[in-house]
Protein chains: 2
Amino acid sequence: MNLKELAHKLGISQTTVSRALNGYPEVSEATRRKVREAAEVHNYRPSLRAKSLATGRSMAIAHVVPVSSKHEMVNPIFADFIAGAGEEYARAGYELLLSVVADSDHDRMYRDLVTRKAVDGLVVQAPTLTDNRIPLLADLGIPFVVHGRSSGVVSAYNWLDVNNRRAFERATGLLLDLGHRRIALLNGLATLDFAHRRSDGYKRALLERSITIDPELIAHDEMTENYGYEVARRMLAQPNPPTAFLVSSIIPAIGVRRAITDAGLEFGREVSIVIHDDDLSYFRNAGDVPLFTAVRSSVREAGQRAAAMLLEIIRRREEGIADEAPMQILMEAELTIGQSTGPRALSRARAQN
Amino acid sequence: MNLKELAHKLGISQTTVSRALNGYPEVSEATRRKVREAAEVHNYRPSLRAKSLATGRSMAIAHVVPVSSKHEMVNPIFADFIAGAGEEYARAGYELLLSVVADSDHDRMYRDLVTRKAVDGLVVQAPTLTDNRIPLLADLGIPFVVHGRSSGVVSAYNWLDVNNRRAFERATGLLLDLGHRRIALLNGLATLDFAHRRSDGYKRALLERSITIDPELIAHDEMTENYGYEVARRMLAQPNPPTAFLVSSIIPAIGVRRAITDAGLEFGREVSIVIHDDDLSYFRNAGDVPLFTAVRSSVREAGQRAAAMLLEIIRRREEGIADEAPMQILMEAELTIGQSTGPRALSRARAQN
DNA sequence: TTGAAAGCGATACCAA
DNA sequence: TTGGTATCGCTTTCAA
């Protein structure tokens, strides 16, 4: 059932039917009701493609998710981020286009999506230190929001980020307060901007207390379980092992925990862990942080807010509102003290000194 | 730059330009080369929406991913499945439309996608025991592939599944061979078809050796880390605790491991774990199964193959090839013996008897 | 308040 | 081998 047929069936013009269904004010209430009922009965839904062609809007947003060229892995935090964003899009009647491509193909992907007019807006995931996708998209003139920031990009752009520097500075400070002096940092890939900010926060906290930074205690890689395991195992075998681990995601933290147990050490007593917890749904616990002390922020909420921001930007552009300052949201992470850094860890750490 | 402009610039008709670019044979090589070059220079890409409207194909596939209404969680295995499928779509020039909706809204979502002509095909994820989406889609007449099966649906349909029954029968058999007699099963949500098949395999193996099935040792729920922890803790506190856990996913298995350690038991010695491992990329290890004995199958490969199947079905329909028998692929899982069920567990289990 | 008709940007049929 | 033109299903301008 298409518009033409529906109009014919009702004995009125396509124009009126279209107007009635799209809520134009000039249609009489009687007509509108008739049209709505008929549309309902015949299960009429306007064809997306015809609609896009006519309006120039495609009512779709693309998320381009990087697959690591190294391990062909997809970071699971994207799942929750996208779920959050998807909710927002659905509410506003937008579709979500997902492209999973290798880092090296991102530029071409973005170019294609824009020139083929496939989407009205884009979300950039996992920005690197100097991410060339940002100037590219600005150049292409399509609305976009970056999840995270890119320190090397000087021009202004729309972003939503967690305050990673502050979060890691506070977490490190907490461990220092507990008496820890050898604190390991298991970070994400060094090319990613968030990893850089986290390192920065960690280092600041140490420097503030005049503690030397030991490069042997800092690791960067893809955040797999096995990465956490291998690195922690190696570090714990050193002559002067760490008494605490600050880990960038819950997944490698699980590997760290495994390494601690394997080394015959008591988790939470002899060695503590603080993680950055993206509050991944399948690891989520009812209101508690059972495993570790956590710097917690919700990726799902981040997804929602990023999507809302993008839709707002698109709306403004359509209504011809002049581009004001770019939209930027900095979310603060929440620091939660869990059992593993509690009194036992504290006393142990004190005993060390 | 659109077709009209490009044609004008070249001084030839839109028809010829279109034909040249789409590889029609009747275009002279000279013309084709000229057109291709001009398209390259002006960075011309046909508008997706215009193309869809004209051809009737939207060159897009939808995956509708359920969010549990209970915990608002998105199963992380979808990430890898979709990554695999996405690769296949990209290769064939298809877009991937992702909808994340509550179970209750699936019907409407599918109806919408079809009647709005948003996609050429669909993938059904996480089928329940009697999944009404299957007859619905068959009725709507759109190509679709089910990832998994639905036991209650009698009509034939296209699916790709892992042989869950066999996998769990073999895994249970392995544990029985090792001397275990109290084997717990931590399964997925009871409404999902795969959970039913896995229970079935588990029960078969027990019955074959005339071992009574203890309902206290069987649990069904969403596969979170915390679910694994809570259930394992409860079971280990029983008077006659299990000596082995058969777990439906690596995520609750991590919780089980935590419960074992917390109970002061030695993992791999006093209690063993066998998991169904979807080979999730972020938990993947270089060729080894370090944590548990595993029944392993790759969701990523499943995604690839399901996508390839769907594209083939679409191709056939377009070429007017009569619908033959539905396409069905049953993947066998691979049983890998890990350290936790090795000699130590075996001797311990023997000592029990 | 309603309708006729001109796009939107491609494809594809029919002639030449 | 090429071109003119109808067509896909909708929105939107202009006229009534």
Side-chain angles (χ1 to χ4, degrees), chain A residues 1-36 38-39 42-60 93 95 112 114-120 318-320, chain B residues 1-36 38-39 42-60 93 95 112 114-120 318-320:
Chain A
M1 171 71 52
N2 61 23
L3 186 63
K4 197 172 175 181
E5 291 163 12
L6 185 63
H8 188 78
K9 201 151 262 170
L10 282 161
I12 52 183
S13 75
Q14 296 184 38
T15 313
T16 304
V17 175
S18 170
R19 281 198 275 238
L21 259 21
N22 289 306
Y24 281 65
E26 64 260 33
V27 180
S28 78
E29 267 317 308
T31 314
R32 194 190 301 278
R33 204 176 41 247
K34 269 202 316 202
V35 171
R36 283 224 174 110
H42 297 96
N43 191 36
Y44 168 76
R45 298 267 190 297
S47 153
L48 266 190
R49 38 204 199 208
K51 198 163 182 155
S52 321
L53 188 56
T55 58
R57 287 171 295 151
S58 49
M59 297 302 283
E95 311 285 340
D112 262 34
V114 175
T115 58
R116 305 177 69 185
K117 298 197 177 30
V119 294
D120 299 328
E318 272 165 13
E319 298 193 355
Chain B
M1 171 69 54
N2 61 24
L3 186 63
K4 200 172 173 179
E5 291 164 11
L6 186 62
H8 187 78
K9 200 149 263 174
L10 282 162
I12 52 183
S13 76
Q14 295 184 38
T15 313
T16 303
V17 174
S18 170
R19 281 197 276 237
L21 259 21
N22 289 305
Y24 281 66
E26 65 260 34
V27 181
S28 79
E29 268 318 308
T31 314
R32 193 188 302 278
R33 205 177 39 248
K34 271 203 314 207
V35 171
R36 283 222 174 110
H42 298 95
N43 192 35
Y44 166 76
R45 298 265 192 294
S47 151
L48 267 190
R49 38 203 199 210
K51 197 163 180 156
S52 313
L53 188 57
T55 57
R57 288 171 294 150
S58 50
M59 296 302 282
E95 311 284 341
D112 262 34
V114 174
T115 58
R116 305 179 69 186
K117 299 199 176 32
V119 293
D120 300 328
E318 273 166 11
E319 299 193 355

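Residue numbers start from 1 in every chain, and the chains themselves are labelled A, B, ... in the order their sequence lines are given, proteins ahead of strands. No hydrogens, no waters, no symmetry mates; every other heavy atom, side chains included, goes into these values. The structure displayed is predicted, hence computed values, not measured ones.
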**Q** Separation of I12(B) atom CD1 from dG4(D) atom C1', in whole Å?
**A** 15 Å
**Q** Within this structure, what is the CG-to-P distance between L48(B) and dC8(C), rounded to whole angstrom?
**A**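 Interatomic distance, CG of L48(B) to P of dC8(C): 18 Å.
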**Q** Measure from NZ on K34(B) to C1' on dT2(D) and round the result to the nearest Å.
**A** 12 Å
**Q** Please confirm whether the shortest side-chain N or O distance from T16(B) to OP1 or OP2 of dT1(D) is below 4.0 Å.
**A** no
**Q** Evaluate the side-chain proximity of I12(B) to K34(B): yes if any heavy-atom separation is below 4.5 Å, no if none is.
**A**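 Result no, sub-4.5 Å side-chain heavy-atom pair not found.
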**Q** Do K51(A) and N22(A) make a side-chain contact, defined as non-hydrogen atoms from C-beta onward lying under 4.5 Å apart?
**A**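 Heavy-atom side-chain distance check passes, below 4.5 Å.
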**Q** Taking the side chain from S18(A) and the backbone from Q14(A), do they hold a donor-acceptor pair closer than 3.5 Å?
**A** no
**Q** Please check: side-chain N/O of S58(A) versus main-chain N/O of A118(A), any donor-acceptor pairing under 3.5 Å?
**A**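 At least one qualifying donor-acceptor pair exists.
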**Q** Could you state the CG-C1' distance from L10(B) to dG3(D), rounded to the nearest angstrom?
**A** 15 Å
**Q** Starting at atom NZ of K117(B), determine the distance to atom C1' of dG9(D), rounded to an integer number of angstrom.
**A**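 Taking NZ of K117(B) and C1' of dG9(D), I get 9 Å after rounding.
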**Q** In B/S/- notation, 5' to 3', how is nucleotides 10-16 of chain D contacted by protein heavy atoms closer than 4.0 Å?
**A** BBBB---
**Q** Could you tell me whether a side-chain N or O of R49(A) sits under 3.5 Å from a main-chain N or O of R49(B), the two making a donor and an acceptor?
**A**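 No; judged by distance alone, with no hydrogens or angles, the pair does not exist.
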**Q** Which part of the nucleic acid, if any, lies within contact of S52(A), taking any heavy atom under 4.0 Å across all strands shown: a base, the sugar-phosphate backbone alone, or nothing?
**A**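 Since no nucleic acid heavy atom lies under 4.0 Å of S52(A), the category is nothing.
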**Q** Rounded to whole angstroms, how far apart are CG on L53(B) and P on dC8(C)?
**A** 14 Å
**Q** So for atom NE2, which belongs to H8(B), do other residues, nucleotides or ligands contribute more than 12 heavy atoms lying within a distance under 6.0 Å?
**A** no
**Q** Tell me the interatomic distance from E5(A), atom CD, to dC8(D), atom C1', rounded to whole angstroms.
**A** 13 Å
